[in-house]
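Data first, discussion second: the structure below is written as structure tokens.
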Amino acid sequence: MSAAPSHPLRPYQVEGVARVRQAYRAGKRSILIVLPTGGGKTRCAAEFVTAATRKGGSVVWLAHREELLKQARERILAEGVDRVGVVAPWASPDRDAPVQVASVQTLAAMRNKGKLLPSATLMIA
């Protein structure tokens, strides 16, 4: 971790992040955040990524389009995570990065070929 977050969460984002954490503490493991377009879903999810990496965890962030992979990678880097690998046909792998932003299609192809998939203590989809 290096830089401080690019901008603080908005009040409704703070509330949403707190509710997710409360649900997790209550034993829930598949939690959905719903916000409108432009509401900051990526920013909220980046909060969980930075918290996981601060604790030494690893993260896999799934997306199905190249622009969403790039957006996620840039946001996570902006939030202070030093290294973010990208698992996609157009990217050079960084398998040792604590965060892997991965194409759903590429992971499915890797699985079908019997290749090792990235491990994670947290998955964002």
Side-chain angles (χ1 to χ4, degrees):
M1 300 283 295
S2 59
S6 59
H7 60 80
L9 292 173
R10 297 177 186 131
Y12 67 89
Q13 292 169 326
V14 170
E15 180 183 348
V17 167
R19 290 173 127 188
V20 168
R21 288 186 170 133
Q22 180 181 22
Y24 188 84
R25 284 191 300 274
K28 306 294 185 204
R29 294 299 179 261
S30 295
I31 303 165
L32 177 68
I33 295 177
V34 179
L35 292 171
T37 300
K41 292 178 289 291
T42 302
R43 175 67 179 89
C44 288
E47 282 292 301
F48 301 109
V49 172
T50 56
T53 57
R54 273 196 307 270
K55 296 175 186 174
S58 57
V59 179
V60 171
W61 182 304
L62 296 174
H64 66 281
R65 293 190 351 235
E66 182 175 335
E67 58 268 23
L68 295 175
L69 293 170
K70 290 178 178 179
Q71 174 190 6
R73 182 181 182 278
E74 293 308 312
R75 169 55 63 192
I76 295 164
L77 289 169
E79 298 305 319
V81 175
D82 293 327
R83 290 173 53 209
V84 178
V86 178
V87 183
W90 48 267
S92 298
D94 180 358
R95 298 188 201 304
D96 296 326
V99 179
Q100 299 293 325
V101 177
S103 157
V104 172
Q105 297 87 340
T106 301
L107 289 182
M110 290 172 64
R111 184 197 64 208
N112 291 340
K113 293 177 184 174
K115 293 186 178 180
L116 185 65
L117 299 177
S119 63
T121 57
L122 173 67
M123 180 174 287
I124 306 282

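Residues Val60 and Val101 are members of separate hydrophobic clusters, defined by side-chain heavy-atom contacts under 4.5 angstrom among Ile, Leu, Val, Met, Phe, Trp and Tyr. Cluster membership for Leu69 and Val81, using ILVMFWY side-chain heavy atoms within less than 4.5 angstrom, is shared. If you chain together hydrophobic residues whose side chains sit under 4.5 Å apart, Leu62 and Leu35 never meet in one group. Residues Ile124 and Val104 are members of separate hydrophobic clusters, defined by side-chain heavy-atom contacts under 4.5 angstrom among Ile, Leu, Val, Met, Phe, Trp and Tyr. Criterion: ILVMFWY side-chain heavy atoms under 4.5 Å apart, direct or through other members. Under it, Val99 and Val17 are part of a common hydrophobic cluster.
Scored by the side-chain contact (heavy atoms from CB on, under 4.5 Å) test, Arg65 finds Glu67, Leu68 as partners (sequence neighbours excluded). Residues satisfying the side-chain hydrogen bond (donor to acceptor under 3.5 Å, both in side chains) criterion with Lys70, sequence neighbours excluded, are Glu66. Applying the side-chain contact (heavy atoms from CB on, under 4.5 Å) criterion to Thr42, with sequence neighbours excluded, gives Trp61, Gln71, Arg75. With sequence neighbours left out, the side-chain contact (heavy atoms from CB on, under 4.5 Å) criterion links Lys115 to Met110, Lys113.
For the side-chain hydrogen bond (donor to acceptor under 3.5 Å, both in side chains) condition, the pairs that include at least one residue of residues 86-103, sequence neighbours left out, are Arg83-Asp94, Ser103-Gln105, Ser103-Thr106.
The structure places CD of Glu15 at 12.0 Å from CG of Leu9, a figure rounded to the nearest 0.5 Å. Once rounded to the nearest 0.5 Å, the distance linking CD1 of Ile31 with CZ of Phe48 reads 7.5 Å. Here CD of Glu79 is found 3.5 Å from CZ of Arg43. Values are rounded to the nearest 0.5 Å.
Residue Ala52 comes nearest to Val59 through the heavy atom pair CB-CG2, 3.9 Å, listed as atom of the first residue, atom of the second, then distance. Taking every heavy atom of both residues into account, Arg111 and Leu117 meet most closely at N-CD2, 4.0 Å. Among all heavy-atom pairs drawn from Ser119 and Ser58, the shortest one is O-OG, 3.4 Å. Across Asp82 and Leu77, no two heavy atoms sit closer than the pair O-CD2, 3.7 Å.
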Without placing hydrogens or testing angles, list every side-chain donor-acceptor pair under 3.5 Å for residues 18-30, not counting sequence neighbours.
residue : atom : partner : partner atom : Å
Arg29   : NH1  : Tyr24   : O            : 2.7

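With a 4.5 Å cut-off on side-chain heavy atoms, Pro98 and Val49 do not count as touching.
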